[in-house]
Amino acid sequence: MSIVHLETITKRFGDVTAVKELDLLIKEGEFFTFLGPSGCGKTTTLRMIAGFYYPTEGIVKFNERNMTTVSPENRNTGMVFQNYALFPHMTVFENVAFGLKVRKLSKEIIKEKVEDVLKKVRLEQYIDRQVSQLSGGQQQRVALARAIVIEPDILLLDEPLSNLDARLRDEMRTEILRLQQEYKITTIYVTHDQVEALTMSDRIAVFSHGVCQQVGTPTEIYNEPINDFVAEFIGETNLLSIDYVSKTPDLHSYQLCELDCKVEVKNDGANIAAYDQTDKLSMSIRPEAVIVSEKSLEGLNVFKGIVKIVQFTGAAVHTYVELNETVLIESTNLNKGPATYLNVGNEVYVQFPAEQIRVIPEMKKI
Amino acid sequence: MLNAERRKTILLLIPVFLILGGYVLYPALRTALESIHKNGVFSLQNYSDFFGAKAKANFEALWNSVWISLASVFFSACIGLPLAYIFNRYDFPGRKFFAGIAIMPIVLPSLVGVMAFMFLYGEAGLIPNAIKDIFNLKNVPFSIGGISGILLVHAYTMYPYFYMTSSSALGNIDPSLEEAASNLGASKFKVFWKVTFPLLTPGLVAAALLVFMVSMASFSAPFLLAGGFRVLSLQIYFSKINGDLEMAATQSVILSMVSISFLLFMRWYQSRKDYRMASKGIGAHRSEVNNPLLKWVMVSIGILAMIVLLLPHATLLILSLVPDGAWTWQTYPQSFNFENFILLFEDPYIWEPVKNSLIMAFLACIGVFIFGIFTSYALVKRKFFGKNLLDILVMIPWALPATVVGMNMILAFNTPSPFSFGKVLVGTFWILPLAYFVRFLPLVVRSTNAVLEQLDDSIEEAAQNLGAKWFYTFRKVVLPIIMPGVLSGTLLAFVQAVGEFPTSVLLYTIGNRPISIEIMNQLRMFNIGQAAAYGMIQVGLIAIVMFISSKFLGVKAEKSLG
Ligand SMILES: Nc1ncnc2c1ncn2[C@@H]1O[C@H](COP(=O)(O)OP(=O)(O)O)[C@@H](O)[C@H]1O
Ligand SMILES: [Mg+2]
């Protein structure tokens, strides 16, 4: 178990800057996730922690120990690769025992440890199988067992579930969490899947183009995104560009550029992100916060529109309302039966509750 | 960047460059140097002689080599491509069996193959004489020799290059592409010319370049069949025999230039981005031949082709059963028994060449095996400056005609050099294993490259992440995974070294004369049976190796030709 401390890390490949001035402190025993679209530098960061790349600038520390140029075999991290990277010529036992053999443990202890960990990942009956004879989910578990059995200080997982089908993915998600909590290993998890990140993590770092945009708990990231990229990348949202107009102690007033009318936002840190004078601003409101009604609505920020699409997904119903030619607002409600569905073509009232809006600046371009 | 990694790479590269420099580059440079000397003084006389009127034979030989090679490409393509198309696109009884037979020419070592052709279709050959007797003709109706002989042998031994590349390319074409074209209204003929053929082109060009190079380098066929006809690879041998090393060097340089420019052209061609199949691994779909007449025509053609293809093998077997003195002036051999094989194992003098060949090929293969693995590992898995240079250095012996490799060896090691530890190697036992090593190194490197490229980098990283040091990872993870590929390459190098003729004929001594030289001796003494028995040993070895490769190492016979 270790603290991982990345101090202003930059990694360049020729002209490409894969990671830029990254500062991160990952706590002991934490389940920490790197989230971002593909190509944003998650793998590169992970590989710098594992030691496969050395940072161009900056320092990697485990527990105050400088590890920046320590070679991978001396870092005691356990990595699970995207393609599992199981040794194809070995059995399940030999795969899992590999790291222990390298550590020169006695035969009996190796056997005991391997059997123990295979029981934990529920593979004890496959111990003598050739790895090629296992299914995808089982191979994934062998890879996990192989990484955990060496009792690593840090567990590193690079999109470990992306090769599995949806059902297995759910199952393995729980499995990984269970193992992590049982062993209490500091875990760094890389994914581009926001649902995975939100459901599993203690904290998340959101990346874009090699820059870490925001670090926070899943609720912080979802409810209080610091810029338009984070707001759009995590979950669904309605994003409208706005300009600052005026403020009172309770409310800030903004002009909606595309609608030619005002919107009022509660004056609170949870509703208004930090921004500079020069930033282009947007407001974001989650579909589940948008109120749509056929009857006229009381209060602030009420607009008129026409229902364009009603989409039924089972648990929820999405209603798309057109406010004018360029603005289409999505609203999501739990399914409460056919009587509550709106009809396409009807005129409706749409409300953005002032305490549900978040004002955010545009992501800084690098 | 990575200091420890860098150090490992450099440690790996030092021996690799030393050996390649010493045994590939240095000999080639010695040859180049020799070619610009006349009687020991610097001069370009050799080159002006080569292209001038004084040694017209040389220029003629170069020209002959070129057009013979072009013709060989043409004939090989004419046989290989249609055969591949028929076997991959039509289903008829016995298709699989015939397709297997189609690659049989590759189990015939070149010298032995040429010998079989001589006794089959030559002036005193079995086929022309049989036709003469059956139809009561006065003279043999036809016989091969000179140009026709060389071309026939080339077509027979080289069409598999076309056959195999077209087969695998055809197998890789997504059938839905052709179906899409038909669906859009294209006729069968149009589909072939507008869709299938363009997709085959990259493979066909590669095969054509390969056949051209192989046939420029061809030695055994002209050696046995050419008569007065001159080709460049043979001229080198004659110059050397006549003691004109400087001219031999000049001829070698010119032949090398042709070959190396082809190598570079081929590298460039293959590195170009070409349209690869978007989807892969879809089994070829074959049209079943339903018309019974057509079906039986196809089967009969198949059977006929099979007989023609296997006749040389059969001839070799029959000849090997003819005891000494049982076939002198008669048209056909008179008696058959196992005397030649029994002698082989009982008479130490007759056994000796076999022993020599096996020992020398074994020594060369140990070297090729160890050195090939490390070279290939450096090439595929390490990043360093000068990688392209290394790649080219390794491939040079593959591009160079065997005769040239032999000449390079002579010119480099007929004087003491640091790479031979200050000894003269020419005239000793060691020169031949060394020549085999140089000649077959590319083969092992290529087959090892193929398996190493398959090996995902993350496998090695996983081992490292679990705490294993580089050498431990290499021994316990990398080696076991790539071993089948490396072994099959090495085994192939072994059988080729056992049958190697062109370098042997330039470098052998009485003490280490290999099988191929003894075959020549026996032929000269008209002891055809014994020569064929030696040939059968080679064919047997090749058959065993192919069997092992496909059975235990999971390598397809077609692949092993490389
Ligand atoms: N070994 C490398 N050499 C050159 N460029 C690289 C290398 N690895 C990654 N990159 C580049 O760095 C950027 C980030 O890549 P990566 O960390 O793999 O992204 P992610 O894992 O988030 O999808 C990409 O633009 C990629 O092309
Ligand atoms: Mg990645």
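Letters go in sequence order (proteins before strands), and every chain restarts at 1.
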Derivation and outcome, side chain to side chain donor-acceptor pair (under 3.5 Å), residues A:Gln82 and A:Ser162: CA-CA 7 Å; A:Gln82 191 168 0; A:Ser162 60; 3.2 Å; yes
Salt-bridge present (A:Glu151, A:Lys113; N to O < 4.0 Å): yes
Closest-packed option against chain B by number of heavy-atom pairs under 4.5 Å, given A:Met90, A:Arg75, A:Met79, A:Lys101: A:Met79
Greatest number of heavy atom pairs closer than 4.5 Å to chain B - which of A:Val102, A:Asn76, A:Ile150: A:Val102
Toward chain B, the part of A:Thr77 with a non-hydrogen atom under 4.5 Å: both
Contacting region of A:Leu100 [heavy-atom separation from chain B under 4.5 Å]: neither
Lys/Arg N to Asp/Glu carboxylate O, A:Lys120 vs A:Asp116, below 4.0 Å: yes
Engaged part of A:Arg146 at the chain B interface, taking heavy atoms whose separation is under 4.5 Å: both
Reported CG-to-CD distance for the pair A:Leu22 and A:Glu57, which is rounded to 0.5 angstrom: 13.0 Å
A:Asp193/A:Thr191 under side chain to side chain donor-acceptor pair (under 3.5 Å): CA gap, chis, key distance, verdict: CA-CA 5 Å; A:Asp193 180 340; A:Thr191 182; 5.3 Å; no
Residue part contacting chain A, namely of B:Asn465, when any heavy atom lies under 4.5 Å: both
